[in-house]
Each structure stands twice: as structure tokens, then as C-alpha cells.
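Input: a single structure, listed below in C-alpha cells.
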Amino acid sequence: MQDSTIENKDSVKTDVIDEAVERGLERLTPERIAGVINQVLAKETGARFKTYIDTCMRCGLCADACSFFLSNDRDPKFSPAAKVKQTLTEMLEKRGNVSKDFLKNMVRIAHTECNVCKRCSMYCPFGIDIAYMMLTVRRICHKLEITPLYIQDTVNSHSATMNQMWVKEDEWIDTLQWQEEDAREEFEDLRIPLDKDGADIMYSVIAPEPKFQAGLIYQTAVIMHAAGVNWTMPSNPGWDNSNMAMFTGDFEISGRLAKAHYEAAADLHVNRIVMGECGHAFRSVYDVGNRWAGWRMPPIELVHAIDFFHELLTTGRIKVKEKYKKSVTLHDPCNVSRGRGLHDKAREVVNLLCDNFIEMTPNKEHNFCCGAGGGVINCGPPYKTTRMINNRVKKEQLEQTGAEVLIAPCHNCHSGLEDITHHYGVDMEIKFFGDIIYEVMEKTIYQGGV
Amino acid sequence: MNDKNANGRNAWDWQTEKKQIPVKEWESQFNWVEEPHVSPDGEQVASIVNSDEAEFSICVNGDVWEDTFEKAWSLKFSPDGRLAVLAANDEEWTVCIDGTEWESRFDYIWGMTFSSDGSYLGAAIQQDGEYGVVVNDEPWESLYENMNHFTLSEQGGSAAVVQVSSMSQGDIDGFAGGLFSLAVNGEPMPQTFMNIWDPAFDSQGKHLAFTIRKNRSDYSIFQVDTAWDQTFQSAWKPAFIENDTSLVAPVRTGGKWYLYKNARPFWSNVYEQLWQIAVHQEKKSIAAIVSDSYGKWTVSQDDRPWTNHADQMITDLSFSEQGDTLCALFKTNGAWTVVANDKPWDLGADKLWKPAMDATGEIVAARFEKQGRYHLAVNGRVAPGDYDMLFDPEISPDGTKILIKSITGGIYSRQVLSVDGLI
Amino acid sequence: MNAFIDFITGPMVWISFLIFFAGVFIRVFRLAQEANSKEKFMFSYFSWKYSLRSIFAWLVPFLPASTRQSPVFWGISYLFHLLLFMVPIFLLSHIVLLEESLGWSWISLNDSIADVLTVLVILALVFFAVRRLNVPEVKFLTRSSDYLFILIVALPFLTGFLAYHQFFFYRTMVIIHILTGELMLILIPFTRFFHMFLAPISRAYTGSEFGNVRQARDW
Ligand code: SF4
Ligand code: SF4
């Protein structure tokens, strides 16, 4: 079954039908195509882009960095530099006069065959940022309005509701109140304090939590309560720092989201934003959306869950009753390891919580992406089969560990890894740090004095 | 601020030096007591309290409201000193003010907002899966599939971005066709857009302006009844000026930000970022938070940037009542301070709130927190003493006294001090 | 003929260096100018500390993971780049020429060692060419101009080697040697050879972003 899919991969890849891409292409005229491409390449790129184009020696060293290349049996079309060659180089040489078939391939390459994970920047001798190049291609797709359907719908949700999943304003608050009520079974005076002006921490989650995984909010509430943290969550939009717009090249919406997020935190006068276990959302407000808005670095300190759990565990605010017994391995999410250097802390957290930790290799900054990142999984079902083929390396990496439990401190990684374990029949349970902490912690309230 | 408010302030007790309420004691009477809120005049301190499973009430100065609620949240004092909370019994939500419930009931209610004199209270509502607004117990007649950006005018008018046609899941073409309109007092405008953000009323509450997205890449401004012809790469919330006859808005073209007025370029400087416009109508002065070089923030007043800059963030830009003082909060290196008329204070605060100013702008008072303790600063000087908790300071209408509302050691105090002693 | 030789060993050398330096200066200047006008934000992330950290990490053979992944290529590549500069700069006959005209001199390589090193440079270039032809992911990226570059680099070394041994057409070899040497110098600012200047710049920026913002290593 698996072999046959791999054999047929070329036919599978050309067979993918994405209505939004098809309809978008139909509407395009040659003038519009050339106009948009040349506008983006001439006006929106600069010295950095030129340097990357001019410096690439076509040495192919980046190939081995890319999980797409490795998963596709070293097919040269999947090397990072090859993705540039098949998209940007040709657009530059033809001065934007490219065909619709070319554009269709371009959407597929930029949107589904690159996780914008930046691993290749660490393997290219010149540090060429292929992820930036692919995002530039996606910017062109955005302006040509040929972005894949599912991710475009997500961006639409962001623009209209300031969250990723069309969560309505009342649904958000209602979910928090319902989780608070449930969690009072464990701590009768537990609160999820809404809009608490002057709290120390604003906790932020991404929209899939209230939509599908409200239990995660429950767990966090228990952890926060037990740790005696002065925290709050905003009732108004701005609570979601996820951001698919940054992955479709819709930088204007991406920046608008970052603005809404930091304004929500500023309105509550908090010292820090602590965010749940999500990688791309971290990147969105640490490294991307904030820049478009003009904030060089986060204007309010932004702390990823890994960092925060590390703090709670090492300061004794959360005590471990009994360490987790099953063998665990850790998937380093690109956006907080290569994106924020939290991999060492993540290991310390694992070791504080679990008895039996098995490393996955390569790891830390050199990890392989889960295969879902960079908006790839968000392009939706039409691309799922090819995504599974493109994720083979990750599956092999998982299998080699032989661990029973896979810790993935990122939502996106979770979904991607779930797909991999189901598709390839890897017998592994996937968990967040929050799941494990909730399971092993002492459910007593921290009394201070440390 | 209008007369009603000023009169109200005159009537406050500016004589009694100190009043105290032991709030800590409440804890022994209830399962738990939520964070306290204090009335503007400092006479009342109130908290949501829980006495049993799903049994909430409000404790004000130690007295508990008669009614109990299954759920209660969003406790707030209005500017005129009424205490309001969003509360539910039997899954029906309403607003309860000073212990009296509104007649209307909803499936959900949130976003409670007051007009600045406190005479209007508005909120967003959901009823049978449809959305709208209620103002002073009068809900909109028509409700909508979805609603965002609810805003309330000083005169009690309400506006919100509403979804006027349905969209099947993933219908991006339908979305691009424009599903959203602005509903004013419940009635939608005829125009629809791909996106609408940031509705802003004029000072009379008669007209509105807002930011729109015409298609995936083109943004513009909608002024009163038509959209500007020009399109931009992005735009932020507009503001009415010159007695509401004109409109200014920050717009982005060529990757830079400009201030436009009535669809024409207005300020001549070009900025990396420009937002949050503050207007003083009588002084004909316009100010905005700007970034004049990447990563550096300042305030631009009438297109003249201040010399002081913040590395991280600027918030809460505002004019004093007569327009002589322009004030903002600056954050640099993790520390907040007040900057008034381009003069920075030395606070090094971890948290800082928008200052109170007297009408002339000569007295500026702000509360801040540093290393867990609260302090008051007046005209740049940190007043002696610190508190467990400090609420917004108030300045007497004649500008001679400051009302300090604080909690220390579980005791709430209302204290009136003379300004002279503090500056 | 003598006049021609005088020209290419005299004024033409100066002209080549002039074009080289002017070209490099103009390109770097234009690059900085463009960055300043369109992507000024990049300067705010630039950090000397992390730029140098990254550049040095990449100069240490077999420190970066990438170099350990392809040790043969990297071994040859490190050596090639070193020799590319070392051989011409420390070659006795070059130093003699320089001393005659300017009176400058410095230590030189023993001629027979230089001879071996020249052969190594040529072999490395052969390796690069063979790799371009045979390794699929490299072949896919390769264009005919890449072979031309290899040839342009090879020619001065090859002709120098042949001239030194005086196998045949000594005079012609010397002339081609000088001309291709000058050609390479002139081409540096205008072709992909310019990576010798861009590489540290792009490495520095990536190093700054990784170190300064993302607090991670980039090697
Ligand atoms: S950014 Fe990641 S996925 Fe994209 S080309 Fe580079 S290594 Fe491959
Ligand atoms: S490793 Fe760098 S220089 Fe080599 S082909 Fe890849 S991007 Fe180009």
C-alpha cells in the first residue's frame, strides 16, 4: 500500500485539484501575471533577495537538509535550491511571462513542498534563506489570488474575526467559562480570570483550543492555579496569536493580527504574555507579524510554554508527584528550537517530568520539521496524500526512537505527527508537555516563600 | 468631559481626608472573592463573590446584593458610579446594575462599554445564534449571523461590523464578494466589503468612518457614506477632526505610512508606522503614535515628531481637556514611563496606567507598579509610600486635590491629598 | 609582440586590479544602498558578535553539521579555496615580478611544493566538474555557465603549470596564463565569483538573525 503510493507519487502530485487554485488561475490574464510578479520582485524585494539569487553557487549542499528531498528518495526537484530554480529563477528570467501551468506548479512547490523551516539555512555555506524565498513566492501567489483553498479560508477567518477558526466572540468566552466550571471539580475556587487588569501574565492560546481541544485550557487552568500564578485571559479578540496569513504572504493581515495581540496584552497591563504549546504562533508574534507592525522585538515579553513550564518546575511552583514512567521522546518544533533556541530547556523539562527519555536524531536546531509546519498542513485534504509521502523521513526518525510516547510541544506538530503515525501505522502516543505535567503534578496550591 | 461629569466631580467628597474599608475580611465570609473594583469617586469598593457552587453575588462595601447568580463576570463601575455586572441565571444572561436586572435576557452578553459620562451602557449580545447590540436595555431589532467591533457613541448610538449574508464553509469567493456591512443602531449600511474594521463615531455620534478591505490587496477608508477612491496597502482606524467635517486616517503605500485627510495626503512626513490618532478639536491639533525609524517609536504632534523615543512600545496617547498637555506611555528596555509634552519622567515601571490630567493639563498623575508594589507619580515625582494595590487617581475639578484609592494589608482606603504636597 | 607582453604584464595588471577594486566597491556600495532604502530593518538585527560567530564557525573545517554530512566535498572545497589564494600569492615567480616593479616581496613557496599545490587546485576543479555531472541534485541545479566558471578558474592554473614546466608553446602559455588571470580578476565583481564577498555578508546576516533574534546556532 505504502509502496504503491510512493511509486505513483508523480501522478498523485499532478492529480491534486485545489478549487481555489483552479478558479484563481482561470481569472488571470498574462498581463496581470507579469504585472504582479514584476511588482513583487522589483518593489517588494531588495538587497537580501538579490544577494541570495546571486550568491547561490548551485552546489546542492542544501539538499541534504531538506526532509522533502530525503523523503522523496533524493529526487533533485525537492532540494531547496531546486525549489528556487523552478520558481523564482524562471520568473526572473522570463520577466514574469510565465504560463498558468507554471503557476500551478509554483503554488504546489511553495505552499506544499516547503515547510519554511529554515533548516537549509544551516546547511547552505552562505546561509541562504530559502524559506524567505519560498515566502516571497507565496506572496506572489497571494497577490495573484491563487493561494490554496483551505489556508485562504483560514486567513479569511483571521481577517474577519482575529482568530484562526471562525470562533465567534461569545463562543470564546463561553468556552473559557465552561472549562473553568469543569476545573472547579478539582479546585473548587479555581478561576480562569477574564480581563483581569494588571495581572502578571496574559495567557494566550490558538483557536483550535477553544474550538476542538478545550481540555487543554482546562489543564492550563489547573497548572496556573496550582502554581499560584497571577494570570488572565482577554475576553476580546486578540487572544489568538496563530497566524496563517504570514504563511500565505498576506503580510498586511499578519501584521494586523500581531497588533491586535499586543494591544490586548497592553490593555490588560500585563508584564508578560505566556502562550500555549504552539510553534508557528510563537514565530508569528516573535519574529514575523511584529516586524511588519514595526516592533523590532516583541514589545511585551513573550514566553513560550516550554520556557514557562521550565520556570514553574525549577522554581518549585509545580511539584512532580511521581515521574512519568513510559519511555518518551521529544520532537523539537522548528519555530521554538531553530526559531528560539528553547531545545535545551525542553530537554530539561522532559527530564524533570519523565524517567525514561530517548533522544530523537537529528535533534535540537537540526531537527526535521514535523512536515505539517509552515502552513503546509493548512492547505488541507487535497494535499494530504502527498504530504504523507513527503513526511517519510520524519516517520523513520520517530520509529528509530522506539519510544512509547512522543512529546510535541506544538499544535501544528501534533496534527502533523498524528497524521504520520496513523498513515504509517507508527505505534506512538502523542502528548503535549501540558498533558504530562497535568498527569504527574501534585494538585496542591503553591504557597510561596521560595 | 461634559458638564454633567464635572458637576458630578464637584459633588464628590474632597474634604474627608481618609476613609477605610477592610476588604480582606470578606474572604472569611465567602468561598472566594474576586479582584476588587473601585468607583470613580472612591466611595465604593466591590467584588464578585462566590458563596456556593454556582452561587455568585456582588459584595459592595461589605454589603452583598440580594440577588445571586449562577454566573457573573465583567464587574465594572460606570464613570458616573453605577456598578454593573454581566450575570446569568437559568442560562439566561442579562446586565445587573446596582442590584437591579435589566428586563431583556440573552443567550450571551459581553463587551460591556460605557459612554464617558456613564449614561449609556452598551454590550454585544447573542440570541438564538444571532448577534447584535443592546444599549440601556434596548436590544437591536435585527440580529445578524456574526458580529465584531462593537462600538458605542457618546450619545448612545451603537455600531458594529455585521455579517449580512451567509457563507458556506470555505467559500472564499463568497467572502471576497463582501459579506460584511456596518450596522448602525441595528440597521446595516447598503455597502458590503470583504473586511471592515475599527468603526469610529464623530463627536456628535452622527457619522461614522471605518477601515475597509475592498479585495485581497486593496485597503481603503469609508467616510460617512462613501469609500475613498484611493486604495492602500493597509490602513488603521480613522478619526474625525475639525468639528467632524473632516477625517484623517493612517494609510500605507509603498511600504510606508502616511496620514491622509479626506482622501488626500495631509502630513508630509513619512513614517515606518503611524496609528492611534488623538485629536483635540478646539486646538485643531492632531497627534499619533509613530515609528520614524524602524524599531524606534515616538509621538508626532501635527507632523512634528518628539525628540524622545521608546524602543519597545508607546500606548495611551491623550490630550488634557484643554489640549495643552499631550501625554503617552513609553516602554524602553522593559520599563515604562510617562512622557508629557515630550518630557519623560523617570519611573522605570513594570506596569503603568494611563495618567489622569486636570483640565489645564498642569497636573498629571499616574499609578504604576514596580517589583510588585504600587506607587503614585505626580508631574514626574514619585509620591512617598507604596501600596499593595492602587487604583486610578482622580484630580479635583479645581486642580488642588488628588483622590487616591488603594489597598494595603487588606484594607481599602480612600484618601484625599493636596496636590501641593505631592509636586 | 614584446610590446603586447609589456602591456599585459604592466598596465593591464593595473587595469585589472582597478576594475576589480572599483567593481567590488560599487557592488558592495549599491547593495548597502539598496538595503538602506528598502530593507533598513535588517541593520537593526545585525550583530557583530553573532556575525563573526557564524563566520568563524563556518571557517572551522568540519564544525558545521553540513560539512560533516558531505566530508569529501567539504574537505576538497576547504582546501581548494585556501589554495586558490595561497598559490598565486606565495608563488616565487609572482613575487619576483612584484619585487621588480614595486620592490615589494614576502616569503614564497618552494617551487616544487607550489607545483604540487597547483595540481591539487586543478584536480579539485576536475572534482567539481565531475560532481556537477554526476550527483543528481547538483546536476539538476547546474547550468552551462557553471562549467565555464570552472574553466576560467582552471585556465590560469593549468597554463601556469604548463609554462613552468615548459612542456610546449612556452610563450603562448605565459600569455594565456596572464590573460586568464587578469580575466578572472576582472570577472569577480560581475559574476557569481562575487560570492567571495557576498558569502560573508549573507552568512553574517543569517548568523545575526539566528544568534541575535532566534538564539540558536546556524551551523
Ligand atoms: S525551509 Fe525547510 S522545507 Fe523549505 S526548502 Fe528549506 S529545508 Fe526544505
Ligand atoms: S547550499 Fe546554498 S549555495 Fe548551495 S545550492 Fe543550496 S542554496 Fe545554493
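In what follows, chains carry the letters A, B, and so on, assigned in the order in which the sequence lines appear, proteins first and then strands, with residues in each chain numbered from 1.
- Of the listed residues (B:Gln163, B:Gln126, B:Glu272, B:Glu369), the greatest number of heavy-atom pairs within a distance under 4.5 Å of chain A belongs to B:Gln126.
- Contact of A:Trp166 with chain B is made through the side chain alone, with heavy-atom distances under 4.5 Å.
- There is a side-chain donor-acceptor pair under 3.5 Å between A:Glu169 and B:Asn148.
- Each of B:Arg213, B:Lys351, B:Glu53 has some count of heavy-atom pairs under 4.5 Å with chain A, and the biggest count is that of B:Lys351.
- When heavy atoms are compared at a cutoff of 4.5 Å, A:Asn236 does not approach chain B at all.
- Most heavy-atom pairs under 4.5 Å with chain B: of the set A:Lys259, A:Lys196, A:Glu263, this distinction falls to A:Lys259.
- If you measure heavy-atom distances from B:Glu34 to chain A, the contacts under 4.5 Å come from both the backbone and the side chain.
- Below 30°, between 30° and 60°, or above 60°: for A:Tyr132 and A:Phe49 the angle between ring planes is above 60°, a perpendicular geometry.
- B:Phe106 does not touch chain A: none of its heavy atoms, backbone or side chain, sits under 4.5 Å away.
- Heavy atoms closer than 4.5 Å to chain A are found nowhere in B:Glu70, neither backbone nor side chain.
- Contacts of B:Met167 with chain A are made by side-chain atoms alone, with heavy-atom separations under 4.5 Å and no backbone atom involved.
- In this structure, chain A has no heavy atom under 4.5 Å from any part of B:Lys296.
- The closest donor-acceptor contact from the side chain of B:Thr113 to the backbone of B:Gly111 lies under 3.5 Å.
- A salt bridge does not link B:Lys405 to B:Asp392: none of the charged nitrogens lies less than 4.0 Å from a carboxylate oxygen.
- Heavy atoms of A:Ala199 lying under 4.5 Å from chain B belong exclusively to its backbone.
- At least one donor-acceptor pair closer than 3.5 Å links the side chain of A:Asn243 to the backbone N or O of A:Ala245.
- Only the side chain of B:Trp275 comes within less than 4.5 Å of a heavy atom of chain A; its backbone N, CA, C and O stay farther away.
- Taking the six-membered ring for Trp and thresholds of 30 and 60 degrees, B:Phe180 and B:Phe175 have ring planes more than 60 degrees apart, a perpendicular arrangement.
- Of all the listed residues (B:Gln169, B:Gln273, B:Lys71, B:Glu35), the one sharing the greatest number of non-hydrogen pairs under 4.5 Å with chain A is B:Glu35.
- For the 3.5 Å distance criterion, the side chains of B:Ser406 and B:Tyr374 fail to qualify, holding no donor opposite an acceptor.
- Contacts between A:Arg23 and chain B at a heavy-atom distance below 4.5 Å involve the side chain alone, from C-beta outward.
- At a 4.5 Å heavy-atom cutoff, the contact between B:Asp198 and chain A is made by side-chain atoms alone.
- The salt bridge (charged side-chain N to carboxylate O under 4.0 Å, His left out) with A:Arg184 is formed by just one residue from the set A:Glu186, A:Glu188, A:Glu180; it is A:Glu180.
- The part of A:Arg27 that comes within reach of chain B is its side chain, from C-beta onward, which places non-hydrogen atoms under 4.5 angstrom from that chain.
- Among A:Asn156, A:Asp153, A:Ile253, A:Val270, the residue making the largest number of heavy-atom pairs under 4.5 Å with chain B is A:Asn156.
- A donor-acceptor contact shorter than 3.5 Å links the side chain of A:Thr29 to the backbone of A:Arg32.
- Ring geometry for A:Trp239 against A:Trp172 counts as parallel: the plane angle stays under 30°, on a 0 to 90° scale with 60° as the upper cut.
- Contact count against chain A (heavy-atom pairs under 4.5 Å) is highest for B:Lys331 among B:Met147, B:Lys331, B:Met194.
- For the set A:His142, A:Glu44, A:Glu171, the entry with the most heavy-atom pairs within less than 4.5 Å of chain B is A:His142.
- When A:Glu301, A:Glu145, A:Glu19, A:Glu252 are compared by the number of non-hydrogen pairs under 4.5 Å with chain B, A:Glu145 comes out ahead.
- Between the side chain of B:Gln233 and the backbone N or O of B:Gly254, at least one donor-acceptor pair lies under 3.5 Å.
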Exercise for review: Go through the steps to decide whether B:Glu145 and B:Ser166 satisfy the test side chain to side chain donor-acceptor pair (under 3.5 Å), and finish with yes or no.
Suggested key: CA-CA 7 Å; B:Glu145 216 169 296; B:Ser166 307; 2.6 Å; yes

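- Heavy atoms of B:Ser293 lying under 4.5 Å from chain A are absent altogether.
- In this structure, the ring of B:Trp257 has its center less than 6.0 angstrom from the ring center of B:Trp236.
- Only the backbone of B:Ala235 has a heavy atom closer than 4.5 Å to any heavy atom of chain A.
- Residue contact with chain A, scored on non-hydrogen atoms closer than 4.5 Å, involves the backbone and the side chain of B:Gln312 alike.
- Most heavy-atom pairs under 4.5 Å with chain B: of the set A:Leu194, A:Asp250, A:Asp197, this distinction falls to A:Asp197.
- A:Asn378 and A:Thr154 share no donor-acceptor pair across their side chains, judged by distance under 3.5 Å alone.
- Of the atoms belonging to A:Ser159, heavy atoms from both backbone and side chain fall under 4.5 Å from chain B.
- Side-chain N/O atoms of A:His158 and A:Asp240 include no donor and acceptor closer than 3.5 Å.
- For chain A, the option among B:Asp173, B:Asp350, B:Leu352 with the highest count of heavy-atom pairs below 4.5 Å is B:Asp173.
- Aromatic ring centres of A:Phe187 and B:Trp32: separated by at least 6.0 Å.
- In this structure, the portions of A:Asp174 lying under 4.5 Å from any heavy atom of chain B include both its backbone and its side chain.
- Within the 3.5 Å criterion, the main-chain N or O of B:Tyr294 finds no donor-acceptor partner in the side chain of A:Arg296.
- Taking A:Ala293, A:Pro193, A:Gly24 one by one and counting their heavy-atom pairs under 4.5 Å with chain B, the maximum is reached by A:Ala293.
- The parts of A:Thr161 that come within reach of chain B are both its backbone and its side chain, each placing non-hydrogen atoms under 4.5 angstrom from that chain.
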